Amino acid sequence: MRYWLFKTEPSEFSIEDLRKAKKQTEPWDGVRNYQARNLLRDEMKEGDRVLFYHSSTKPTAVVGTARITREGYPDHTAFDPKNKHHDPKSKKTEPTWFMVDVTFESEFPDPVTLEELKGLVELKDMMLLRRGARLSVQPVTATEFKAVLTIAKAKAKAAGHPYAQR
DNA sequence: GCCAACGTTGGC
DNA sequence: GCCAACGTTGGC
């Protein structure tokens, strides 16, 4: 199994939106970067785990977890001229852009902020913390994933919230 | 194929 | 709102 981190601006789409979605599942559409596309199309597998990250907000933070529940398939928003992610060069017969489905798994009672992630030895190579690493979906190691969950659990416990996520 | 111009991302 | 970092575009 592999681990990933998905970035999203909560004003566009938040963990709450995913939690409240039908079947708590949504397609991760609108990704228009080739490196990210390759990960979505080729690398992500059903059951893979996802750290859900809120960017461009205060504070920026990992706010929960999700699962990949459908592997890469064509991003149909590229075909729709009215969609803001429309891309005329993507053809139905030969799609340029792909997406996966993600399903809500957990929401941290107390998010793990970017600030808290910095300086942790286990996370010293984490892509999110690298300068200029703008990839909106990115790989995370098992160690990094677990380190974030450990912090989330410790914070939840300190705040008196039960949080039993593995 | 080079590379300048431009657009986007995203932390601050 | 600023701006550094990066990706894409398009003229040559």
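Here the structure is a predicted model, which is why all the values come from computation and not from measurement. Letters A, B, ... mirror the listed sequences (proteins, then strands); counts begin at 1.
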Enumerate the salt bridge (charged side-chain N to carboxylate O under 4.0 Å, His left out) contacts for residues 132-150 of chain A, please, sequence neighbours excluded, ordered by first and then second residue. none
Please identify each residue that fulfils side-chain hydrogen bond (donor to acceptor under 3.5 Å, both in side chains) with A/K155, with sequence neighbours left out. A/E116
Using the test side-chain hydrogen bond (donor to acceptor under 3.5 Å, both in side chains), find all partners of A/T69 that sit at least two apart in sequence or belong to another chain. A/T103
Generate the contact string for nucleotides 6-12 of chain B. Rules: B means base contact, S means sugar-phosphate contact only, - means no protein heavy atom under 4.0 Å. --BBSSS
Sequence neighbours excluded, which residues qualify as side-chain hydrogen bond (donor to acceptor under 3.5 Å, both in side chains) partners of A/K92? none
With sequence neighbours excluded, tell me which residues meet side-chain hydrogen bond (donor to acceptor under 3.5 Å, both in side chains) with A/S14. A/D17
